[in-house]
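Let me begin by presenting the structure, written as structure tokens, before commenting on it.
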Amino acid sequence: MFSDTTEFHRWFEQRCAANAYKVAQVPLDRLDGWSMEADSGNLVHRSGRFFSVQGLEVTDSGRAVEAWQQPIIVQPEHGILGILVKEFDGVPHCLLQAKMEPGNVNLVQLSPTVQATKSNYMRVHGGRPVPYLEHFVAPRGGEVLFDALQSEQASWFLAKRNRNMIVRTDADIPVLDDFCWLSFDQIAELLQTDDLVNMDTRTVLSGAVALRRPAAGRGAHPGDDTFDGALVRSWQQDGRSLHNTVELLSWFTEAKGRCTLSRRLVPLAGLADWSRRDGIVAHAEDRHFTVLGVGVEASNREVTGWSQPMFAPRSQGVIAFLAKRVEGVLHLLVQARIETGALDRIEMAPTVQCQPADYLADRAGGPDPAGCPPYLDTVLAAGREQIRFDAVQSEEGGRFYHAQSRYLLVEVDDDFPLEAPAGFTWMTVRQLIGFVRYGSHLNVEARSLLTLLGFLPAAVREPQAVA
């Protein structure tokens with residue numbers, strides 16, 4: 001345990017220095033243990049486990065682009081993302097790990113107590129066992145506080161879900177070298193630091209948002225005529241909302257009923273507009289992302305060296321909720337987003353979720369209004385005084401190489417219209433929290449942003465204009 005986050009940062013720097021890491025790009029056809037199938041060109045591991053990279057054909061998408069083909073990660077097994085919680089002097093603490101992932105821009109970030117695919121915790125790689133796994137697989141001790149199968153990035157994964165768990169224990173837990181106990185308030189402070197708390201931790205912590213006090217530690221109360229006061233009212237169980245839960249579920253069901261998206265796996269080698277060149281798989285116009293290979297060395301992982309393919313986005317993403325006070329209660333504008341690889345094809349998502357560079361007219365200049373996602377222009381034009389949260393966070397570093405997104409909460413003016421397009425609706429924070437407990441409702445980007453909002457510390461970062 002640490003007395004403050006300054007002490008944590010010293011420990012974190014020491015752990016980073018104590019281990020040796022190396023990540024180097026390797027041509028896909030030279031990856032150890034991986035090969036491209038002769039007929040399909042699909043990237044597969046010699047064990048037949050872990051994951052594969054295949055082609056996906058999408059038609060009748062219901063988006064601005066109705067049909068396309070792309071590479072997709074196929075990983076049918078469920079992993080475990082688990083956080084162990086224990087009280088010290090009446091204060092709950094989470095056991096987190098300083099973990100290296102090859103795709104992280106800074107290599108080491110704070111991960112859950114357990115972050116492992118089934119292939120990893122079944123030790124298909126022949127390496128060391130996953131520490132603390134016994135707390136998250138049956139029969140287990142402790143009290144389960146949260147347990148749900150949750151989706152991952154559906155733009156790049158096909159029907160991928162992981163088991164998100166929070167387990168409380170009273171047992172004596174030995175703390176291994178790269179692990180530490182952090183209080184929720186300390187985590188809230190660390191979440192304001194770019195690229196420190198990894199995506200897997202953020203998605204699990206979305207299940208803990210309901211366990212925290214509204215606007216914890218911020219001194220706000222429901223009577224405040226401020227953003228903080230509106231946030232507290234939005235958090236309350238009996239807070240006034242535009243729509244009740246039945247109406248929101250009906251809106252979500254209608255969105256699913258309208259969805260016409262069709263998809264099927266196709267050979268990676270035959271994708272239109274994609275080709276293998278210079279040791280990678282890339283788009284013909286160098287857009288969207290590339291599939292590349294890496295060779296990895298990590299002295300403190302279960303296996304100290306391995307190779308693998310990764311997806312590398314071409315540009316930084318923007319993920320944002322628009323927020324508006326409605327009769328003094330903060331509401332978030334939620335999107336029923338068509339997700340290419342989502343198990344159920346539709347999930348609740350932030351107002352804006354995209355890589356803006358993909359929508360630049362002629363690959364230069366401003367956004368192209370014809371294909372621009374709704375409300376992207378509102379987010380990009382937001383003034384300093386409107387931005388309530390702003391941080392750059394990494395996406396999943398085990399499969400994605402240097403994937404970063406700018407996470408924002410933007411409060412709109414009173415005259416911003418309440419009427420929303422069919423695929424959007426307004427929800428309170430409490431309502432959004434309620435949907436986290438169910439799988440296939442909130443996508444991973446919405447869960448990450450909900451955690452960042454739910455763990456806002458006493459002093460919100462000074463607003464900054466969107467570049």
Side-chain angles (χ1 to χ4, degrees), residues 1 78-99 109-118 120-121 130-152 161-176 178-191 196-214 216 235 237 393 396 429-430 432-457:
M1 290 182 293
H78 297 149
I80 292 178
L81 306 177
I83 292 179
L84 201 59
V85 175
K86 183 177 179 178
E87 288 191 3
F88 296 93
D89 297 325
V91 178
H93 285 66
C94 299
L95 186 63
L96 300 184
Q97 175 184 183
K99 184 171 184 175
Q109 297 185 11
L110 277 175
S111 81
T113 317
V114 168
Q115 175 186 320
T117 66
K118 187 173 183 179
N120 283 343
Y121 69 74
V130 175
Y132 306 109
L133 179 65
E134 66 274 14
H135 297 282
F136 301 96
V137 294
R140 71 180 72 84
E143 177 189 2
V144 176
L145 301 180
F146 177 73
D147 191 355
L149 281 176
Q150 300 284 19
S151 60
E152 300 222 356
R161 295 193 296 172
N162 276 326
R163 191 173 181 181
N164 288 210
M165 301 181 70
I166 301 174
V167 175
R168 181 164 55 198
T169 183
D170 295 322
D172 290 331
I173 304 295
V175 179
L176 302 178
D178 293 313
F179 292 78
C180 66
W181 291 105
L182 290 164
S183 71
F184 282 128
D185 286 345
Q186 289 171 334
I187 293 171
E189 186 174 340
L190 297 176
L191 281 165
L196 177 57
V197 180
N198 79 0
M199 184 223 77
D200 300 286
T201 302
R202 299 195 307 270
T203 178
V204 178
L205 286 175
S206 69
V209 171
L211 305 177
R212 285 173 58 76
R213 291 185 296 111
W235 201 304
Q237 187 70 43
Q393 299 288 354
E396 207 278 320
V429 174
R430 170 59 63 178
L432 205 59
I433 290 171
F435 288 122
V436 172
R437 73 188 70 176
Y438 307 109
S440 300
H441 280 67
L442 266 67
N443 72 2
V444 67
E445 291 83 2
R447 297 195 306 273
S448 273
L449 198 43
L450 181 61
T451 293
L452 296 168
L453 174 60
F455 280 75
L456 281 175

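On a predicted model such as this, the values are computed, not experimentally measured, just so you know.
Minimum heavy-atom separation, V197 to R202: O-NH1, 2.8 Å. The two atoms that bring R161 and S440 nearest to each other are NH1-OG, 4.1 Å, heavy atoms only. V209 and F455 get closest at one heavy-atom pair: CG2-CE1, 3.9 Å. Of all the heavy atoms in V167 and G141, the pair that sits closest is CG1-O, 3.9 Å. The heavy-atom pair separating W181 from V175 by the smallest distance is NE1-CG2, 3.3 Å. Smallest separation of non-hydrogen atoms from P92 and V85: CB-CG1, 4.1 Å.
Contact of the V444 side chain with the M199 side chain is registered, since non-hydrogen atoms from C-beta on lie closer than 4.5 Å. The closest side-chain heavy-atom distance from I173 to F179 is not below 4.5 Å. L196 has its side chain out of reach of Q109: every pair of non-hydrogen atoms, C-beta onward, lies at least 4.5 Å apart. Contact of the D200 side chain with the E396 side chain is registered, since non-hydrogen atoms from C-beta on lie closer than 4.5 Å. Between Q186 and L96, every side-chain heavy-atom pair lies at or beyond the 4.5 Å cut-off. At least one side-chain heavy atom of N198 sits under 4.5 Å from a side-chain heavy atom of P112. The closest side-chain heavy-atom distance from Q150 to V436 is below 4.5 Å. Side-chain contact check for T203 versus N162: every heavy-atom pair is 4.5 Å or farther apart.
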TODO: Test V429 against L450 for side chain to side chain contact (heavy atoms under 4.5 Å, CB included), laying out the working first.
DONE: CA-CA 8 Å; V429 174; L450 181 61; 4.3 Å; yes
TODO: Give the C-alpha distance, both sets of side-chain angles, the deciding distance and a yes or no for side chain to side chain contact (heavy atoms under 4.5 Å, CB included) between K86 and D172.
DONE: CA-CA 9 Å; K86 183 177 179 178; D172 290 331; 3.8 Å; yes
TODO: Quick one: do H135 and T113 satisfy side chain to side chain contact (heavy atoms under 4.5 Å, CB included)? Show the steps, please.
DONE: CA-CA 10 Å; H135 297 282; T113 317; over 6 Å; no
- [ ] Could you go through the side chain to side chain contact (heavy atoms under 4.5 Å, CB included) check for L182 and L110 one step at a time?
- [x] CA-CA 11 Å; L182 290 164; L110 277 175; 3.9 Å; yes
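The distance from atom CG of L449 to atom OG of S206, rounded to the nearest 0.5 Å, is 11.0 Å. Residue R447 holds its CZ atom at 14.5 Å from CD1 of I433, rounded to the nearest 0.5 Å. Put simply, OH on Y132 and CD1 on I83 are 14.0 Å apart, with the number rounded to the nearest 0.5 Å. To the nearest 0.5 Å, atom CZ of residue F184 and atom CG of residue L191 are 11.0 Å apart. R140 CZ to M165 CE: the interatomic distance, rounded to the nearest 0.5 Å, is 4.0 Å. Note: T201 OG1 to K99 NZ = 10.0 Å, rounded to the nearest 0.5 Å.
The main-chain N or O of G439 is found under 3.5 Å from a side-chain atom of H441 such that the two form a donor-acceptor pair.
No more than 12 heavy atoms of other residues, nucleotides or ligands sit less than 6.0 Å from atom CZ of R437.
By the 30° and 60° cut-offs, the orientation of the rings of F88 relative to H93 is perpendicular.
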